[in-house]
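Each remark here refers to the structure printed beneath this line.
If you're wondering where the values come from, they're calculated on a predicted model, not measured in any experiment. Just so we're on the same page: letters track the sequence lines, and every chain starts at 1.
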Number of protein chains: 2
Amino acid sequence: MKPSVVTFEPNGNFCKDCSIRGSSVCSALDAAELRQLEHLGRRVQFSTCETVFSEEDITTSYFNVLDGVMRLYKLLPDGRRQIVGFALPGDFLGMNISGRHNFSADAIGSVAVCQFAKVPFGRFIEDRPHLLRRINELAIRELTQAREHMVLLGRRSAEEKVATFLLSWRERLVPLNGPSNTVPLPMSRQDIADYLGLTIETVSRTFTKLERDGVIEIIHGGISLLDPARAEALAAA
Amino acid sequence: MKPSVVTFEPNGNFCKDCSIRGSSVCSALDAAELRQLEHLGRRVQFSTCETVFSEEDITTSYFNVLDGVMRLYKLLPDGRRQIVGFALPGDFLGMNISGRHNFSADAIGSVAVCQFAKVPFGRFIEDRPHLLRRINELAIRELTQAREHMVLLGRRSAEEKVATFLLSWRERLVPLNGPSNTVPLPMSRQDIADYLGLTIETVSRTFTKLERDGVIEIIHGGISLLDPARAEALAAA
DNA sequence: GCCCAAACTTGATCTGGGTCAAGTGGCTTT
DNA sequence: AAAGCCACTTGACCCAGATCAAGTTTGGGC
């Protein structure tokens, strides 16, 4: 919430050693280009609940998530919130047409990002079609996820929503942590509710029910998936 | 539903005379490129309820909508349907990462598309970054719409959903028909329901209620927006 | 260790929108 | 012009999930 941004040495970090080197937009670049990119990005740290950018803010930067988890959300005038996604390391944020961010983003736990000023980064893309192609690829991937999520929001029951969420969240963590039935959930129950179009009570009850049914075990800071096959069946897809 | 595709002379139509020339991907191309593009695309006509492509089909073509309206949807195994969008003239369909379509598309009424075989079109994009930039722009625009729709599906009431839909559909038609309070609705009530995450009965009842309240008038094949300001207020945005 | 606040769970009740079941009316067909 | 069909509407009833209201657990500060 508060804007106490801690900035590190602009060039204290090197792209070639970057943890997300292979999965982010940067994977499209060769060693020489990476060295140029180093001068465009600066590493910025955000702590729990700090806002990285807000909906309707004029876009002045793009962000590459390096570490941590962010919630991306839109608010209705009366305060209802829809989380449109969670951003993980490797995700690239800030692309838009209008020149304004079309959702807000804040840190869940502590987050590190690589921040690129819009104008110089835009110029950098200009004559690097391979980078543009990579950005386009990420946009299309997100669009695919967004459509999948529309199905969930519009047509699935509470239990299906929760089961689907747990499975797809586990899946998203595979590139980061490797495959595991222990699924950390850094976001709050309220966040999960706002992502799934439910209330916090329904999410809580559904977790409890899944635990009673032996599908999951609720553990500190996450869940353990006891019966993946059953969860898959409940997810109905 | 049936695949009785009518194909016209491949070169019987000319890009430079194309009705969507300015609004589609092609707007990124100059006259010389347009002449080249003519050899890649062929005009294909679909009639009511014909399927243009299905989810999970291997993508062999991209499509540029020339005329008519299409419904884009995903199905759950048990038949529940979520319409993820309606495509209008100028929309470009078929981009994906997996090599398979991630939704199905069929014609609402009669539809004309410009079909491009994937491989040659992919090669055509290859060395035309300006075209890639245009495609990226369209993808980002769609992503923005998708997120807006998630808010609708997850957090809005039936009445808000219907009011929002009518207003945004009217807005989408402006580039085609000019601004008007007479809003044609070529899609069925069932389509609207599946787009808004409601049942057909709820859509029907909500239309009736909006009419009773003097916000709209239900006319043949659409509605007339009597009180745009009130509709805007009901849309809660 | 104790207190407090925040996050989460649980229970009781309510309700918006779903489900089920008839209508109704406008095209098409013959 | 009668029949039939299909899209849509309307009514009666129901239920999944929301709302309201306590608990309970967890963690952090002192």
Spacing of A/K209 atom NZ relative to C/dT10 atom C1', expressed in whole Å: 16 Å

Worked verdict on A/R81 versus B/R155 for side-chain contact (heavy atoms from CB on, under 4.5 Å): CA-CA 7 Å; A/R81 184 178 71 159; B/R155 287 296 179 228; 5.6 Å; no

Donor-acceptor pair between B/T199 and B/T202 side chains, under 3.5 angstrom: yes

A/T206-A/E159 side chain donor-acceptor pair, cut-off 3.5 Å: no

Residue pair A/M187 / A/I108: nearest heavy atoms and the distance that separates them: CB-CD1, 3.8 Å

Five-pair end axes of the helix from C/dG1-D/dC30 to C/dT30-D/dA1 and the angle they enclose, rounded to 10°: 40°

Centroid-centroid distance, B/F86 to B/Y195, less than 6.0 Å: yes

B/N96 and A/R141: side chain donor to acceptor below 3.5 Å: no

Reading 5' to 3' through nucleotides 25-30 of chain D, protein heavy-atom contacts under 4.0 Å coded B for base, S for sugar-phosphate only, - for none: -SS---

N-O pairing of B/K74 and B/D194 below 4.0 Å: no

B/E55 vs A/R147, salt bridge (Lys or Arg N to Asp or Glu O under 4.0 Å): CA-CA, chis, key distance, verdict: CA-CA 12 Å; B/E55 189 171 0; A/R147 287 179 181 131; over 6 Å; no

A/L210 CG - C/dC8 C1' separation (whole Å): 16 Å

Validation row, ring centre B/Y73 to ring centre B/F103 under 6.0 Å: no

B/S/- contact track for nucleotides 4-20 of chain D, protein heavy atom under 4.0 Å: ----SBBBB----SSBB

is_close_aromatic(B/F92, B/F63), centroid dist under 6.0 Å: no

